[in-house]
Amino acid sequence: MKLTYRVEDGARLGALLWEFGPGWRMISSALLGGGIGLREWVLNAQVVAGYSRMDPVDHLLSLGPEGDGVGMLTAASVDRCVQASDGGVEAYATVGLRVPTWAAAPEGSADPELAPMRVGTVNIVTVLPVAMTDAALVNAVMTVTEAKSQALIEAGFPCTGTASDAVCVAVPADGPAELFGGPRSEWGARAARAVHAAVRQGAESWRPRDFK
């Protein structure tokens with residue numbers, strides 16, 4: 001993981017880059033490189049809290065390296081990224097909780113503070129050392145999300161996340177593929193514990209000064 005900085009919109013903003021190279025398959029909810037496919041890198045780029053650009057994919061492409069990758073945006077301070085590991089699984093989380101949100105909310109209750117382009121404020125990158133089927137990857141995303149919500153609630157935040165969190169799970173493209181990624185499977189359990197630890201630490205240390 002590499003941390004760099006740039007000046008944009010009058011602010012000094014960080015970006016985290018994971019350069020995996022060939023041979024990796026990822027599943028992500030990110031604007032750039034989302035879905036399931038072969039990817040070589042992951043970028044988690046910080047933007048200002050009032051981000052309103054309507055070309056986020058082009059913006060991410062301008063910040064990332066060549067090749068196919070995953071690009072996420074966040075208003076949280078990426079230099080406060082938290083890393084945790086469990087049994088060979090690595091989890092990285094950038095946590096910002098300016099607008100904590102319950103997943104199921106009454107219709108029309110969107111927070112007026114959210115910018116037109118909602119940038120992720122809890123972004124999670126999880127890396128497993130084993131290949132997975134498509135179904136297991138989907139299952140792993142569920143597990144990561146459940147572990148995130150558990151950590152936030154345990155840290156005292158009345159929410160399941162924010163309205164625009166993003167996730168990426170990276171696994172080797174080759175090798176025997178795991179069939180399961182749920183929280184009671186071998187690798188899903190390890191991913192859950194790693195994500196829970198990273199998000200819990202990030203939530204407990206979060207302060208509104210993350211947003212300038």
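Just so you know, these numbers come straight off a predicted model, no measurement behind them. Counting from 1, the numbers follow the sequence of the chain as shown.
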Original post:
Atom CZ of Arg200 and atom CD1 of Ile153: how far apart are they, to the nearest 0.5 Å?
Top reply: 11.0 Å

Subject >> Reported OG-to-CZ distance for the pair Ser77 and Arg12, which is rounded to 0.5 angstrom >> reply: 11.0 Å

**OP:** Group every Ile, Leu, Val, Met, Phe, Trp and Tyr by side-chain heavy-atom contacts under 4.5 Å, then state whether Phe20 and Val70 land in the same group.
**Re:** yes

Subject >> Check against side chain to side chain contact (heavy atoms under 4.5 Å, CB included), Leu3 and Val78 >> reply: CA-CA 8 Å; Leu3 172 64; Val78 298; 4.0 Å; yes

**OP:** Give a yes or no on whether Leu152 and Ile124 share a hydrophobic cluster (residues Ile, Leu, Val, Met, Phe, Trp, Tyr; joining criterion: side-chain heavy atoms under 4.5 Å apart).
**Re:** yes

**OP:** Test salt bridge (charged side-chain N to carboxylate O under 4.0 Å, His left out) on Asp134 and Arg25 and set out the steps.
**Re:** CA-CA 10 Å; Asp134 285 357; Arg25 213 160 69 97; 2.7 Å; yes

**OP:** Please determine, by modelled atom types, if Thr121 and Thr162 share a side-chain donor-acceptor pair under 3.5 angstrom.
**Re:** yes

Original post:
Backbone N or O of Thr160 within a donor-acceptor pair of the Trp102 side chain at under 3.5 Å?
Top reply: no

**OP:** Enter the distance from Leu63:CG to Asp58:CG here, rounded to the nearest 0.5 Å.
**Re:** 11.0 Å

Original post:
Under 4.5 Å between side-chain heavy atoms, hopping through other hydrophobics if needed: is there a path connecting Val82 to Val95?
Top reply: no

Original post:
Which of these passes side chain to side chain contact (heavy atoms under 4.5 Å, CB included) with Val122: Thr145, Val167, Asp165?
Top reply: Asp165

Subject >> Within one Ile-Leu-Val-Met-Phe-Trp-Tyr cluster: Leu179 and Val130, side-chain cutoff 4.5 Å >> reply: no

**OP:** Could you pull out the closest heavy-atom pair between Cys168 and Met26, with the gap in Å?
**Re:** SG-SD, 3.9 Å

Original post:
Is there a donor-acceptor pair under 3.5 Å between the side chain of Arg193 and the backbone N or O of Ala147?
Top reply: no

Subject >> Leu137 side, atom CG; Met132 side, atom CE - distance, nearest 0.5 Å >> reply: 6.5 Å

**OP:** May I ask you to test the Val127-Trp24 pair for a side-chain heavy-atom distance under 4.5 Å?
**Re:** yes

**OP:** Provide the closest heavy-atom pair for Ser29 versus Ala166 in the form atom of the first, atom of the second, distance.
**Re:** OG-CA, 3.5 Å

**OP:** Could you tell me the separation between the CH2 atom of Trp41 and the CD atom of Glu66, rounded to the nearest 0.5 Å?
**Re:** 9.5 Å

Original post:
Which heavy atom in Ala15 sits nearest to a heavy atom in Leu43, and how many Å separate them?
Top reply: CB-CD1, 4.0 Å

**OP:** Please say which of Glu154, Glu146, Lys148 ends up in a side-chain hydrogen bond (donor to acceptor under 3.5 Å, both in side chains) with His196.
**Re:** Glu154

Original post:
Would you call Gln46 and Leu16 a side-chain contact if the rule is heavy atoms closer than 4.5 Å?
Top reply: no

Original post:
Can you tell me how far CZ of Phe157 sits from OG of Ser149, rounded to the nearest 0.5 angstrom?
Top reply: 13.5 Å

**OP:** Please name the pair of heavy atoms, one in Leu60 and one in Ala45, separated by the smallest distance, quoted to 0.1 Å.
**Re:** CD2-CB, 4.3 Å

Original post:
Between Pro56 and Leu73, which heavy-atom pair has the shortest distance, and what is it?
Top reply: CB-CD1, 3.9 Å

Subject >> Student check: side-chain heavy atoms of Glu40 and Asp68 closer than 4.5 Å >> reply: no

Original post:
Does the side chain of Lys2 come within less than 4.5 Å of Thr4's, by heavy atoms?
Top reply: yes

Subject >> Smallest separation among heavy atoms of Thr101 and Ala163, with atom names >> reply: OG1-N, 3.7 Å

Original post:
If you measure only the distance, is there a donor-acceptor pair under 3.5 Å linking the side chains of Asn44 and Thr94?
Top reply: yes

Original post:
So which pairs with a foot in residues 53-74 pass ring pair (Phe, Tyr, Trp, His ring centres under 6.0 Å), sequence neighbours left out?
Top reply: Tyr51-His59

**OP:** Check the side chains of Asp79 and Tyr5 for a donor-acceptor pair under 3.5 angstrom, ignoring hydrogens and angles.
**Re:** yes

Original post:
Same hydrophobic cluster for Leu17 and Val57, using side-chain heavy-atom links shorter than 4.5 Å among ILVMFWY?
Top reply: yes

Mind listing the side-chain donor-acceptor pairs of residues 180-192 below 3.5 Å, one per line with the distance, residues two or more places apart or on another chain?
from: Ser185; atom 1: OG; to: Gly182; atom 2: N; distance (Å): 3.4
from: Ser185; atom 1: OG; to: Gly182; atom 2: O; distance (Å): 2.7
from: Ser185; atom 1: OG; to: Gly188; atom 2: N; distance (Å): 3.0
from: Glu186; atom 1: OE2; to: Arg190; atom 2: NH2; distance (Å): 3.3
from: Arg190; atom 1: NH1; to: Gly87; atom 2: O; distance (Å): 3.3

